[in-house]
Amino acid sequence: MITLTGIPASSGAAIGPFFLLTTDIPVASSAPSQLGAEQEGAHLNQALASVGRDLQSRAERTEGELHEILVAIAEIATDPAIAEEAISFIEKGHTASYAITKATEVFQDLLAASGGYLAERVSDVMNIRDRVLCEIAGTGYPEIPHFDRPVILIAQDLSPADTADLETHMILAIVTAGGGPTSHTAIIACSNGIAAVVACAGVVELARSLPDAVIAVDATVGSVTFNPSIELSGEIEAIIAKIKLRKSRVVTRTDGAYTTTDGVKIPIYANIGRIEDTPAAVTAGADGVGLLRTELLYLDRNDAPTLQEQTAIYAEIFKSFNGQKVVIRTLDAGADKPMAFINFDQEPNPALGVRGYRTIDQHENLLRTQLEAIAAAAKSCSAEIWVMAPMITLPSEAARFVSIAHEYGLEKVGIMIEVPAAIFHIDELTKICDFVSIGTNDLGQYLHAADRESAPLAAFNDPWQPALLRAIKIIADAGIKNNCPVGVCGEAASDAALASVLIGSGITSLSCGVTTLSDVAAAISAQSLHTLKTAAAAALNASDANTAKQAARSAMPDLVELGL
Ligand code: PEP
Ligand code: MG
């Protein structure tokens with residue numbers, strides 16, 4: 001029995017045989033071309049076009065997030081910049097294969113240097129390169145085959161194109177040596193409810209040396225065991241049975257609300273950013289929307305959306321939540337979400353620059369148009385519309401935002417707490433606002449001075465970091481004192497155990513990703529507020545993220561019973 005550890009990327013567990021996706025890709029030689037530049041150039045262009053077409057057709061066979069990712073990758077493959085870079089190598093006498101290898105290296109280096117989400121796109125470029133190399137060599141690209149029995153899929157990494165035709169019902173779990181928690185593997189696994197462990201160093205080599213092994217994957221903790229003992233197999237089977245049982249049960253609501261076992265109602269909302277997200281939020285059993293990221297509706301726009309356009313799209317979203325609450329956030333433009341219709345001066349540190357509410361100085365009309373549209377859309381439906389602004393730092397900003405929103409007849413007005421200084425103003429802020437919502441993604445990065453997209457600094461951005469938990473407690477306490485609801489809409493609320501701790505810390509509502517909402521609801525509904533408070537106290541006492549997590553989990557034995 002050998003156990004490896006990786007990062008849990010999608011909750012669940014599995015035991016069974018594995019399939020190792022080996023990728024035998026022709027290696028490009030640096031020897032000079034025998035064919036000459038013209039023929040090499042023709043080979044290259046034909047291969048790039050063919051790979052681009054293939055990726056495009058894969059995109060057409062898929063939907064949702066995978067479809068969008070594949071469209072973007074097909075665009076990279078057909079981007080003239082890659083071809084031009086490669087042609088420059090061909091002109092120096094190299095082969096088409098060598099040229100594409102070198103050209104893609106340039107793009108990989110640029111992406112890797114950007115860190116975080118962009119760094120994880122390096123694997124997309126490598127996959128394009130591998131497909132082009134196979135095309136030039138005339139060998140087929142090694143695709144994931146059809147399986148006639150369920151397997152655990154092991155790979156160095158999985159690219160979106162690899163998974164376009166994946167028979168997800170035949171996949172017990174996915175384990176990759178590469179990737180991170182925001183990698184494509186994680187996205188695919190989460191959206192299909194498949195257990196996944198990523199960044200599991202050594203798994204490919206071990207799989208190669210033990211081709212007939214049975215594997216046990218426990219993605220609640222990130223362990224991958226080859227040839228598990230009878231005892232461990234039994235434990236994994238027990239977790240699988242618990243997960244099955246949990247998933248087969250609809251989480252019961254009391255009087256239409258998710259309720260702790262001692263009768264405390266906890267609204268659990270969904271985070272959405274596109275019209276297409278609304279049916280999934282409704283199906284997942286959301287109590288409404290706790291964060292509508294409006295900037296995601298307009299990321300591809302070159303011109304500002306008009307009042308009419310905005311009113312129509314908000315009304316379309318709101319009507320799916322008639323009788324429920326929708327918390328809509330004004331544009332959080334800037335930093336990781338630049339928008340073409342807002343002029344941003346070149347800033348050395350965009351995350352510390354003009355983003356979110358701070359754009360008001362140059363773009364007050366944009367904010368006003370958006371608030372007018374929200375107010376108009378609110379009138380067209382029976383959803384309860386709350387509006388909030390991102391990146392508010394000072395009480396004076398909060399007061400101005402509340403007053404502008406009131407001008408448009410919006411009654412429930414709040415702010416996001418994601419800047420540490422706001423915590424030191426929290427008493428005033430919770431008096432000025434009708435509600436506040438904690439953005440743990442940004443609050444975590446600003447508290448720790450660690451870019452949320454930086455892979456090397458990822459540990460600082462672990463939402464279990466005690467500094468973040470203690471900050472949340474201070475905000476929750478101020479909310480209780482001033483009778484101001486305090487929600488959490490950052491990723492912290494999407495982790496069932498951490499969401500439980502948040503409620504135990506005094507948070508009054510949660511807003512989480514649609515795919516994890518039912519897990520969060522199951523966790524909250526299975527425990528008493530008293531237990532959640534005990535877990536929160538244990539986590540708050542810890543001095544590092546791991547200890548906080550372990551201490552909280554030990555105080556919540558029911559989570560283990562649910563396989564969470
Ligand atoms: C956050 O910062 O936690 C948040 C919810 O906002 P975003 O992730 O959109 O910045
Ligand atoms: Mg934020």
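We count ligands from 1, going down the list as the structure has it; atoms in each ligand are counted the same way. Computed from a predicted model, the values in this text were never measured in an experiment.
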Stepwise side chain to side chain donor-acceptor pair (under 3.5 Å) test for Thr531 and Ser528: CA-CA 5 Å; Thr531 302; Ser528 67; 2.9 Å; yes
What protein heavy atom sits nearest atom 6 (O) of ligand 1, and how far off is it? Arg329 NH1, 2.9 Å
So the atoms of ligand 1 within less than 4.0 Å of a heavy atom of Leu291 turn out to be 5 (C)
Out of curiosity, Asp558 CG to Gln527 CD, how far, rounded to the nearest 0.5 Å? 5.5 Å
Taking N or O atoms only and a 3.5 Å limit, does Asp442 qualify as a polar contact for ligand 1? yes
Phe401 side chain near Cys433 side chain, heavy-atom distance below 4.5 Å: no
Regarding atom 4 (C) of ligand 1: of the candidates Glu295, Met416, Gln445, which has the closest heavy atom? Met416
Find all atoms of ligand 1 within a distance of less than 4.0 Å from any non-hydrogen atom belonging to Asp332, and give their numbers and elements. 10 (O)
Only one of Gln324, Lys265, Arg253 forms a side-chain hydrogen bond (donor to acceptor under 3.5 Å, both in side chains) with Asp287, so which one is it? Arg253
Nearest to atom 5 (C) of ligand 1, what protein heavy atom do you find, and at what distance? Arg293 NH2, 3.5 Å
Atom NZ of residue position Lys325 - does it have more than 12 heavy atoms of other residues, nucleotides or ligands inside 6.0 Å? yes
Ligand 1 atoms nearer than 4.0 angstrom to some heavy atom of Gly490 are 3 (O), 5 (C)
Do Arg358 and Glu397 sit within salt-bridge range, that is, some charged N less than 4.0 Å from a carboxylate O? no
If you compare Val488, Leu443, Asn441 by their heavy atoms, the one closest to atom 3 (O) of ligand 1 turns out to be Asn441
Quick one: does Arg452 get a heavy atom under 4.0 Å from ligand 1? yes
Within a 6.0 Å radius of atom CD on Glu411, are there more than 12 heavy atoms belonging to other residues, nucleotides or ligands? no
Does Asn482 reach the main-chain N or O of Cys484 with its side chain, forming a donor-acceptor pair under 3.5 Å? no
Residue Glu418 vicinity, atoms of ligand 1 by number, heavy atom under 4.0 Å: 1 (C), 2 (O), 6 (O)
CZ of Phe460: more than 12 outside heavy atoms within 6.0 angstrom? no
May I ask you to check whether over 12 heavy atoms, not counting those of Asn483, lie within 6.0 Å of atom CG? no
Is there side-chain contact between Gln370 and Tyr314, with heavy atoms separated by less than 4.5 Å? yes
Leaving waters out, which protein N, O or S atoms fall under 2.8 Å from the Mg ion (ligand 2)? Glu418 OE1, Asp442 OD2
